[in-house]
Amino acid sequence: VKNVGNFRVSQLSTNSGAFLGGALSVGGHVDILNSLFVKENLSLSGFVHAEGGLSIGGSVNVDGSMEMNGALSVGLDVTSGGQLSVQGSADIVGTTQIASKLSVTDSVTFASDLSVATDVQANGKLRVAETLSAGSFAVIDGSLSVSGSFVIDDYISASGHGTIGQSLSV
């Protein structure tokens with residue numbers, strides 16, 4: 001395990017777990033073969049591939065796409081310039097904005113707003129504490145729970161129970 005404070009690199013690759021006590025900023029490709037914990041904010045300019053879990057205490061800003069094979073946990077906001085793909089569960093406390101597609105194979109919880117420019121696909125439970133907006137379609141293989149409004153430009157398909165707390169606009 002590598003323990004450091006604030007960390008800025010042009011490219012990052014780690015075979016073992018890493019704990020960063022401050023913020024992490026990476027200008028290029030990020031490849032994480034184990035877990036990564038960042039106590040503060042994570043800022044990435046390139047493509048992110050993580051085999052293990054990713055836990056961020058602050059916010060995450062990714063200019064490219066993120067592909068995760070483990071769980072994702074974020075204490076504040078998530079902004080992704082590309083698509084976000086999580087093969088495990090996701091738990092995000094702040095507002096989430098995704099410029100492309102969201103794909104999650106397990107349960108996902110957003111404690112605030114979720115905005116996705118194109119498709120939303122979740123194979124488990126999808127829970128959004130506030131507003132969910134999607135620019136294209138939404139396919140949910142489990143249950144869907146949105147406490148606020150749900151705004152979608154195309155169709156929605158949910159195989160489990162669906163709960164919309166305020167309004168549904170299709």
Side-chain angles (χ1 to χ4, degrees), residues 17 29-38 41-44 46-170:
H29 181 83
V30 177
D31 192 15
I32 302 163
L33 300 179
N34 206 321
S35 60
L36 175 65
F37 175 80
V38 179
N41 299 329
L42 177 64
S43 177
L44 307 167
F47 175 76
V48 179
H49 174 80
E51 288 293 326
L54 184 58
S55 178
I56 310 301
S59 61
V60 175
N61 187 345
V62 180
D63 289 341
S65 295
M66 285 181 71
E67 179 182 277
M68 308 266 320
N69 288 336
L72 174 64
S73 174
V74 181
L76 292 175
D77 301 342
V78 173
T79 304
S80 175
Q83 75 176 23
L84 175 60
S85 175
V86 181
Q87 300 300 315
S89 61
D91 185 12
I92 299 172
V93 173
T95 300
T96 303
Q97 295 178 327
I98 301 169
S100 186
K101 178 176 132 177
L102 170 67
S103 175
V104 181
T105 60
D106 204 344
S107 296
V108 59
T109 300
F110 297 93
S112 190
D113 294 335
L114 170 62
S115 174
V116 181
T118 60
D119 312 338
V120 176
Q121 294 179 300
N123 292 342
K125 295 178 182 176
L126 175 61
R127 294 179 295 272
V128 180
E130 294 182 20
T131 300
L132 168 60
S133 64
S136 188
F137 65 86
V139 176
I140 314 298
D141 287 338
S143 62
L144 171 66
S145 174
V146 180
S147 297
S149 300
F150 185 10
V151 179
I152 187 164
D153 290 344
D154 205 336
Y155 70 90
I156 176 172
S157 172
S159 62
H161 296 287
T163 303
I164 309 294
Q166 292 181 7
S167 64
L168 173 62
S169 175
V170 180

### Task
May I have the step-by-step check of side-chain contact (heavy atoms from CB on, under 4.5 Å) for Phe47 and Glu67, ending in yes or no?
CA-CA 8 Å; Phe47 175 76; Glu67 179 182 277; 3.9 Å; yes
### Task
Please report the C-alpha distance between Val86 and Leu102 in whole Å, then the side-chain angles of each, then the deciding distance to 0.1 Å, and finally whether the side-chain contact (heavy atoms from CB on, under 4.5 Å) criterion is met.
CA-CA 8 Å; Val86 181; Leu102 170 67; 5.6 Å; no
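In this structure, the side chain to side chain donor-acceptor pair (under 3.5 Å) partners of Thr95, at least two apart in sequence or on a different chain, are Ser112. Considering only residues two or more places apart in sequence or on other chains, Thr105 meets the side-chain contact (heavy atoms from CB on, under 4.5 Å) condition with Gln87, Asn123. Applying the side-chain contact (heavy atoms from CB on, under 4.5 Å) test to Val60 and every residue at least two apart in sequence or in another chain returns Leu42, Ile56, Val62, Met66, Val74, Val78. Ser167 pairs by the side chain to side chain donor-acceptor pair (under 3.5 Å) definition with Ser149, not counting sequence neighbours. For Thr109, the side chain to side chain donor-acceptor pair (under 3.5 Å) criterion is met by Arg127, not counting sequence neighbours. Annotation: side chain to side chain donor-acceptor pair (under 3.5 Å) contacts of Glu51 (sequence neighbours excluded): His49, Asn69.
Note: Leu126 CG to Leu114 CG = 7.0 Å, rounded to the nearest 0.5 Å. Note that the CE atom of Met68 and the OG atom of Ser103 stand 13.0 Å from one another [nearest 0.5 Å]. Interatomic distance, Lys125 NZ to Ser89 OG, rounded to the nearest 0.5 Å: 12.5 Å.
Under the ring-ring contact (aromatic ring centres under 6.0 Å, His included) criterion, no residue pair touches residues 59-107, with sequence neighbours excluded. For residues 56-66, every residue pair satisfying the side chain to side chain donor-acceptor pair (under 3.5 Å) rule, not counting sequence neighbours, is listed here: Asn41-Ser59. Sorted by first and then second residue, the ring-ring contact (aromatic ring centres under 6.0 Å, His included) pairs with a member in residues 93-124 form an empty list; sequence neighbours excluded.
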Check: residues 128-148 side-chain donor-acceptor pairs under 3.5 Å, at least two apart:
| residue | atom | partner | partner atom | Å |
| --- | --- | --- | --- | --- |
| Ser136 | OG | Asp119 | OD1 | 3.1 |

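Summarising the geometry of Ile92 relative to Leu76, their closest heavy-atom pair is CG2-O, 3.8 Å, with the distance given to 0.1 Å. In terms of heavy atoms, Ser80 sits closest to Gly64 at OG-O, 3.4 Å. Ile98 approaches Gln83 most closely through the heavy-atom pair CG2-CA, 4.3 Å.
Listed for the Ser115 side chain is no donor-acceptor partner under 3.5 Å among the backbone atoms of Gln97.
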